[in-house]
Amino acid sequence: MSGWGSGPNGQPYGSPEGGQAAPQQGQHAWPQWQQPWQPPAPPRPRGSRIALLVALGVMAVAVVATVAGILVPAASSIGYRTMQMSGTSMEPTYRPSDKVSIKKADGSALRDGDIALFDGNDWGVQAPLLKRVIARGGEHVVLSRTGTVTVDGKVLKEPYLYPGSQNSFSPPLDLVVPEGRLFMMGDHRSDSNDSRFHTDAAHGTIAESAVTGKAVDSASASAPDLRWAAAGAAVTVAGLVAAIVIGVRSKRRAALPPPPSY
């Protein structure tokens, strides 16, 4: 018998030719130490999994930031629109070609001093007009020839007027604004065709229902924040690249041959 040794039934563990004899029916399988060697699968580095999860998390946050930078301001800007000033009647507040942000508003919600966009039909004008509210329904307005404006006995302080408008000529006027109507004037008093010159129709006032909007600071009309959107897009791309790199490296490590056995 060669140096193969014998099993419990007197049968050799291996054949003299150098190979391993397959166990016959009814015999025991090869001992554990004679099982064909199989290289163990290399464990996947835990650090790679963590890095991949971090990269995917960064991508998710970036996508949310991008969407928020676009959709949230867009949603908050509903009810706003922009118009371009075409005349000089509201100088210096709004000059020709200035962009004016208009928020949808009801005439009954306006206050003295607000700038309103309204339909000019009451004055025979087939176009929208932009003027300042001087007095509302029930208020007593008095205009002097020198341009002084008094509402309910108090002289208006008007720092928004065009230089020199404080002493510009105005037709004298003394009236109580009818309920549901508004008395309107431009900030450039010497170059504004407003309630002072339309006294034949409800004393120059306009109906509250003619108001379509209120001028607001352009900062109030939100626009998509391109900085957030750009930053979110950049981080999304960076996270995607990182995830791809980590995945490729993980596959390469898994494909490496096992270390030699001695």
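Counting begins at 1 with the first residue of the sequence. Being a predicted model, the structure only gives us computed values, none of them experimental.
- For S170 (side chain) and G147 (main-chain N/O), no donor-acceptor pair under 3.5 Å exists by modelled atom type.
- Partners of T150 under the side-chain hydrogen bond (donor to acceptor under 3.5 Å, both in side chains) rule, at least two apart in sequence or in another chain, do not exist in this structure.
- The side-chain heavy atoms of E139 and I134, taken from C-beta on, include no pair separated by under 4.5 Å.
- For H203, the ring pair (Phe, Tyr, Trp, His ring centres under 6.0 Å) test picks out no residue, with sequence neighbours left out.
- Sorted by first and then second residue, the pairs that involve residues 178-191 and meet salt bridge (Lys or Arg N to Asp or Glu O under 4.0 Å), not counting sequence neighbours, are D122-R181, R132-D187, E158-R189.
- The hydrophobic cluster containing I102, built from Ile/Leu/Val/Met/Phe/Trp/Tyr side-chain heavy atoms closer than 4.5 Å, also comprises M83, M85, M90, Y94, V100, I115, L117, L130.
- Connection of V141 to L156 is established within a shared hydrophobic cluster, with ILVMFWY side chains joined at heavy-atom distances below 4.5 Å, either directly or through further cluster members.
- Summarising the geometry of T88 relative to P96, their closest heavy-atom pair is CG2-CG, 3.6 Å, with the distance given to 0.1 Å.
- Scored by the side chain to side chain contact (heavy atoms under 4.5 Å, CB included) test, P163 finds no partners at all (sequence neighbours excluded).
- Side-chain contact check for D217 versus S101: every heavy-atom pair is 4.5 Å or farther apart.
- Every residue two or more places apart in sequence or in another chain was checked for a salt bridge (Lys or Arg N to Asp or Glu O under 4.0 Å) with D119, and none qualifies.
- Inter-residue side-chain proximity for V151 and F183 is flagged as unmet; no heavy-atom pair is nearer than 4.5 Å.
- In this structure, V133 belongs to a hydrophobic cluster whose other members, linked by side-chain heavy atoms under 4.5 Å apart, are L110, F118, W123, V125, L129, L182, M184, I206, V211.
- Taking R95 as the reference, E91 meet the salt bridge (Lys or Arg N to Asp or Glu O under 4.0 Å) condition, with sequence neighbours excluded.
- Here the OG-CE distance, from S195 to M185, works out to 8.0 Å after rounding to the nearest 0.5 Å.
- Partners of S192 according to the side-chain hydrogen bond (donor to acceptor under 3.5 Å, both in side chains) rule, which considers only residues two or more places apart in sequence or in another chain, are K131, D194.
- The stretch residues 126-163 participates, sequence neighbours left out, in these ring pair (Phe, Tyr, Trp, His ring centres under 6.0 Å) pairs: Y162-H188.
- Listed by chain and residue number, T146 satisfy the side-chain hydrogen bond (donor to acceptor under 3.5 Å, both in side chains) test with S144 (two or more places apart in sequence, or in another chain).
- Sorted by first then second residue, the salt bridge (Lys or Arg N to Asp or Glu O under 4.0 Å) pairs that include residues 104-115, not counting sequence neighbours, are D112-R136, D114-K214.
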